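Chain letters run A, B, ... following the sequence lines, proteins first and then strands; every chain starts at 1. The model shown is predicted, which means the values in this text are computed figures rather than measured ones.
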2 protein chains.
Amino acid sequence: MKRTSLAGDSCPVARALDVFGDWWSLLIIRDASLGRRRFGEFQTSLGLAKNILTTRLRALVERGILKTVPASDGSAYQEYVLTPKGHGIFPILVALRQWTEEFDEHPDEIATIMVDRDKGKPVKKLALLSQDGRVLDAADTTLKPRPGRKTARHRVTA
Amino acid sequence: MKRTSLAGDSCPVARALDVFGDWWSLLIIRDASLGRRRFGEFQTSLGLAKNILTTRLRALVERGILKTVPASDGSAYQEYVLTPKGHGIFPILVALRQWTEEFDEHPDEIATIMVDRDKGKPVKKLALLSQDGRVLDAADTTLKPRPGRKTARHRVTA
DNA sequence: TCCAATTGGTTGCATTATTAAACTTCGTTG
DNA sequence: CAACGAAGTTTAATAATGCAACCAATTGGA
């Protein structure tokens, strides 16, 4: 009964979730984007079982989100750092953060705000723009078949 | 030894994942944002087991992402539609989509592109802006303690 | 009106994933 | 070189997932 894989899905949302859509991966990526690099740092920060951290780190490395590098402090251990593909997840973390900031019922429990490093002022909400610069919400968008695509050889969900 | 909950976490990313960070919820929300409303629509679209769909729909209703409404076609069944809180997840879906579009190794398997309804042209990438209008990436941002917060009474991960 | 199919579930069981804790292995430190 | 810590691995219990079969209510059709 294996957990169903979304890898061959034709929906880009599903394909992303297949890569880091489990319970821990995004939190590991968040930690990595905050500068944490060592196995032990992730483990104590997240409080997850070590065997699970092992499998998650391995999967993220295999999928090109993280890469292992020799430890920055000269020790013989290795560290895990984001690849460019991993850094590309940053907007997703921002979107998750902003959703909580806007809709969470206990916003007083949120510890941090995101500010721009220069001025120290809160960042603005992520904006989706059309090519001519209009701000779009869900109702202003549609999905079209991707140009230059034959027939659906894969699962078509969206 | 229950699966660890992220509900009381002080990190807004973790709090969001606690609400819809499991394997299926975001796909249900995606489907809902595409206009699917009926139990059967979700089930055949996603291909997940019905008992799991049941528990997921219930959890999403309970958490204020979906609400049940009488069926739009006059039948006695009910339908599941997004609440405002659920609609607020849209930017997260867009961010996931754009990440796949940019980094997936088989972009030819992606079925659709997002366009603005008016002109039919692809939307632009989500942009994170500072209050004075500069485009920010991860390196241009930092986290600061949220103003007006006492001490960490909750798990502090970020 | 009566019956068959559809909808929207529920139940039970097999399989897989997650967890905590004990154990191993190697690198570092005194 | 002995003890300690970092980074895993292994093991066993518990929880979540998937599948299939079942079921009640609703609906559509003859």
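Straight-line distance from the CG atom of A/Asp22 to the P atom of D/dT17: 12 Å, rounded to whole Å. Between the CZ atom of B/Phe42 and the P atom of C/dG9 there is a distance of 11 Å, rounded to whole Å. Across the protein-nucleic acid pair, A/Ile28 atom CD1 and C/dT18 atom P stand 11 Å apart, rounded to whole Å. Remark: C1' of D/dA7 and CG of A/Leu57 are 11 Å apart, rounded to the nearest angstrom. Across the protein-nucleic acid pair, A/Gln43 atom CD and D/dA7 atom P stand 10 Å apart, rounded to whole Å. When the C1' atom of C/dG8 is taken as reference, atom CD of B/Glu41 falls 13 Å away, rounded to whole Å. The distance from atom CZ of B/Phe39 to atom C1' of C/dG8 is 6 Å, rounded to the nearest whole Å. Computed from coordinates, the B/Trp23 CH2 to C/dT18 C1' distance equals 15 Å when rounded to whole Å.
Comment: B/Arg3 does not engage B/Asp22 in a salt bridge, judged by the lack of any side-chain N to carboxylate O separation of less than 4.0 angstrom. With respect to the salt-bridge test (charged N to carboxylate O, under 4.0 angstrom), the residues B/Arg58 and B/Glu62 do not qualify.
Of the side-chain N and O atoms in B/Arg38, one or more sit less than 4.0 angstrom from OP1 or OP2 of C/dG8. Between A/Trp24 and C/dT19, a side-chain N or O to OP1/OP2 separation shorter than 4.0 Å is present. The side chain of A/Arg58 places an N or O atom within less than 4.0 Å of a non-bridging phosphate oxygen (OP1 or OP2) of D/dT9.
Distance from the side chain of A/Arg56 is smallest to C/dT18 among D/dG8, C/dT18, C/dT10. For A/Lys50, counting side-chain heavy atoms from C-beta on, the closest listed nucleotide (C/dT18, D/dT26, D/dT9) is D/dT9. Of the listed nucleotides (D/dG8, C/dG12, C/dT7), C/dG12 has the atom at the smallest distance from the side chain of B/Asn51. Ranking D/dT17, D/dG8, C/dT28 by closeness to the A/Tyr77 side chain, first place goes to C/dT28. Across D/dA6, D/dG18, D/dA16, the shortest atom-to-atom separation from the side chain of A/Thr4 is found for D/dG18. Distance from the side chain of A/Ile52 is smallest to C/dT18 among D/dG18, C/dT18, C/dG8. Of all nucleotides listed (C/dT6, C/dG9, D/dT9), C/dG9 comes nearest to the side chain of B/Thr54.
Residue contacts shown for A/Gln78 are limited to sugar-phosphate atoms, with no base heavy atom under 4.0 Å away. Contact annotation for A/Tyr80: backbone-only contact, meaning every heavy-atom pair under 4.0 Å involves sugar-phosphate atoms and none involves a base. Nucleic acid contact for B/Ala76: sugar-phosphate only, since backbone atoms but no base atoms lie under 4.0 Å from a heavy atom of the residue.
Both A/Leu143 and B/Val94 belong to a single network of hydrophobic side chains, linked directly or stepwise wherever heavy atoms of I, L, V, M, F, W or Y lie under 4.5 Å apart.
The heavy-atom pair separating B/Ile113 from A/Pro147 by the smallest distance is CD1-CD, 3.9 Å. Pairing each heavy atom of A/Ile28 with each of A/Leu57, the nearest pair is CG2-CD2, 4.0 Å.
B/Phe90 is listed as a side-chain neighbour of A/Thr141, based on a closest heavy-atom distance under 4.5 Å.
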